[in-house]
Amino acid sequence: MLYREAGDYKTSYTADSQTFPIAFDRYRYWVVLAVSFLVIPFFITDYLVNALFMPFLIYAIAAIGLNILTGYAGQVSLGTGGFMAVGAYACYKLMTAFPDVNILIHVVLAGGITALVGTAFGLPSLRIKGFYLAVATLAAQFFLVWLFNKVAWFYNYSASGQISAPERMVFGVAVTGPNTPAWASYLVCLVFVTISALIARNLTRGALGRQWMATRDMDIAAEIIGVNPLKAKLTAFAVSSFFVGISGALFFAVYLGAVEVGEVFGINKSFLVLFMIIIGGLGSIFGAFAGAAFLVTLPVFLKLIGVDLFGWPTDLVAHLQLVIVGFLIMFFLVKEPHGLAQLWRLAKEKLRLWPFPH
Amino acid sequence: MKDNGESFVTEDGRTIGEVMLDLRDITLRFGGVEAIKSISFDIREGEIRAIIGPNGAGKSSMLNVISGFYIPQDGEVWFHGKKRAPLKPYQVARQGIARTFQNIALFEGMTVLDNIMTGRLNYTKSGLLAQAIWKGKAEREETENREKVERVIDFLEIQAIRKTPVGRLPYGLKKRVELARALAAEPKLLLLDEPMAGMNVEEKEDMSRFILDVNDEFGTTIALIEHDMGVVMDLSDRVVVMDYGKKIGDGTPDEVRNNQAVIDAYLGVAHED
Ligand SMILES: Nc1ncnc2c1ncn2[C@@H]1O[C@H](COP(=O)(O)OP(=O)(O)O)[C@@H](O)[C@H]1O
Ligand SMILES: [Mg+2]
């Protein structure tokens, strides 16, 4: 099949601003969706879902969230881990306080609660920018982890200090707890990631997205065309935290099942998600997926090649991974801030004009 | 110039309306520096009002006062017959005042189309949820705004660069895109800070034509800072002359041209006939 723009004329502005303006891209999108929903669930195994699919899908949601804040609205955050923890603990409290309410509703509510918390922690962004804002969000990160460790109410006074997800059903199938089938946890994450990506895409291609990007590119000019900087920044924090909260809730309830906050939602998480959007591409929804996929598969791939195939010691492979990630971060920050998504776009641009580049 | 009650008829026979913006005894200080010293002048409906003066005279500062960037220490801004409370820039924008900057202030990471679409933000009323599902009002507004923006794009003849990221454009086109963004807001009052600075003759002619057409076709009132005296004399209905923060002349291009204080301070050096 040819990848072509020619002969694919837009006759309306709606058609022109759609998500995939080129027909081939649209087909591919539907194919990916169909395979994800209708094929993979039949083949998925416990190993695949735990090692690859669940972390990929859940991190993709977190990366979409952070990318809205950092990539689109230009507000740096190192608090992603802390906000994921808010989502996780909100979900836990809701699950245990209202056991009869559907878990899916709890996950969405946990996102809403995180949005409120994120907005509150976003208030300093009205005064400070860049490095100073990063430090402020770092403070939020440490504060939130400390809070969930310190205040026993958050973990229902359990002796271990951990939170663990009780079993909850959706349509008679367990989606949390040890009896959850692989396909069920996969589908729950897939539904959330699909809806999150759609919402994020709509918001970023519309008026709100333009407010965010305008604020990112030149806040003074944004204000002069009528953007209220308070509203632009706080909505970015709210929407971003909403997605990050949902990913935290899923990470806890569906993926891990039990969480010790400092271990799971520490500063490492914040950096991991930040690295995902840098490698995947700042300011791109596709980039969030690409970055999440890359950083989730890299350790699995390295283990497969290094440890299983060549018999290298595990710690060597772990260090190799750090070196690779570090190198890539530097490469993308210096050479290609729009990340894998941009490399992909450039490849497509070439393909689109091939074989007559002029 | 004949004074015809509330409105003017200019030398070229153009009728100019009531006072739209009235600046009264504006004083602006930066620390010890008095950038604007008790200046008063008005801008009338439908006119092209030039502000001229040497570098550092305080012209840009004046536009910044009008658009709410700077709050003057003294003086009053009257808009449409009402005294204006100190406003934030985005509130000024919502009153129908748009502007361009002396140093281009575009959104470099966005396409030309998206840059111009930001000019329509004041016309977007749909909420976050409607935009999130991209249905109903949100979708309708997006299409309406796009239609308006396409008209501006046609008007300024920049169809070919619609989807180009602004960062890749040459200087002259950037100036044009910035004008497009301001026009997309359908302003009542348009403030242009040196729209032709750094342009070649041909680009200046294009830009002059656009400014005249905007004024003609949409009836937009324009305040224009410009150094090229030929352009100022051609375009403007009335001229304010500033020097060292003071107003030293105010009137039709001919009056200003023959004003001795103006000749001494400015025209004598910059303008050879
Ligand atoms: N933000 C500012 N802080 C301090 N001084 C300023 C600022 N903006 C302008 N000025 C000073 O005010 C005076 C007028 O500047 P400006 O309005 O830019 O002049 P013009 O546009 O006529 O060239 C200059 O002396 C300039 O240095
Ligand atoms: Mg100036």
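Residue numbers begin at 1 in each chain, while the letters A, B, ... track the order of the sequences. Bear in mind the structure is a predicted one, so any value in this text is a computation, not a measurement.
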Review point. Looking just at side-chain N and O atoms, do B/W78 and B/E76 make a donor-acceptor pair shorter than 3.5 Å?
Key: yes
**Study point:** Pairs of heavy atoms under 4.5 Å with chain B: top-ranked of A/L203, A/L198, A/I224
**Key:** A/I224
Practice item. Sort B/L106 into side chain, backbone, both or neither according to what part of it lies under 4.5 angstrom from a heavy atom of chain A. Key: backbone
Check your understanding: Are B/Q159 and B/D154 linked by a side-chain donor-acceptor pair shorter than 3.5 Å?
Key -> yes
Point to revise | A/I195: partners by side chain to side chain contact (heavy atoms under 4.5 Å, CB included), with sequence neighbours left out | key: A/V191, A/I199
Exercise for review: Against chain A, label B/E141 side chain, backbone, both or neither, depending on which of its atoms sit under 4.5 Å from a heavy atom there.
Suggested key: neither
Check your understanding: Under 3.5 Å, is there a donor-acceptor pair between the side chain of B/Y123 and the main chain of B/A185?
Key -> yes
Exercise for review: Using a 4.5 Å cut-off on heavy atoms from C-beta on, say whether the side chain of B/I39 contacts that of B/L23.
Suggested key: no
Point to revise | Any donor-acceptor N/O pair, B/N115 side chain to B/M110 backbone, under 3.5 Å | key: yes
Revision key, fill the gap. From the list A/I220, A/T235, A/T204, the residue making the most non-hydrogen contacts under 4.5 Å with chain B is A/I220
Review point. Chain A heavy atoms under 4.5 Å from B/T124: which part of the residue, side chain, backbone, both or neither?
Key: side chain
Check your understanding: Is it the backbone or the side chain of B/L121 that comes under 4.5 Å from a heavy atom of chain A, or both, or neither?
Key -> side chain
**Study point:** Option in B/E178, B/E147, B/Q131 with maximal non-hydrogen atom pairs under 4.5 Å from chain A
**Key:** B/Q131
Point to revise | B/K163, part contacting chain A, at a heavy-atom distance under 4.5 Å | key: side chain
**Study point:** chain B contact via A/A222 - side chain, backbone, both or neither, heavy atoms under 4.5 Å
**Key:** both
Check your understanding: What option among B/R94, B/M117, B/K88 has the most heavy-atom pairs under 4.5 Å with chain A?
Key -> B/M117
Review point. Are side-chain N/O atoms of B/R99 and B/N64 paired as donor and acceptor at under 3.5 Å?
Key: yes
**Study point:** Cation-pi check, B/R181 onto B/F107 ring (under 6.0 Å, within 45° of axis)
**Key:** yes
Exercise for review: Against chain A, work out which of B/G68, B/A184, B/S126, B/A93 has the most heavy-atom pairs shorter than 4.5 Å and name it.
Suggested key: B/A93
Review point. Counting heavy-atom pairs under 4.5 Å to chain A, which of B/S67, B/A132, B/A105 comes out on top?
Key: B/A132
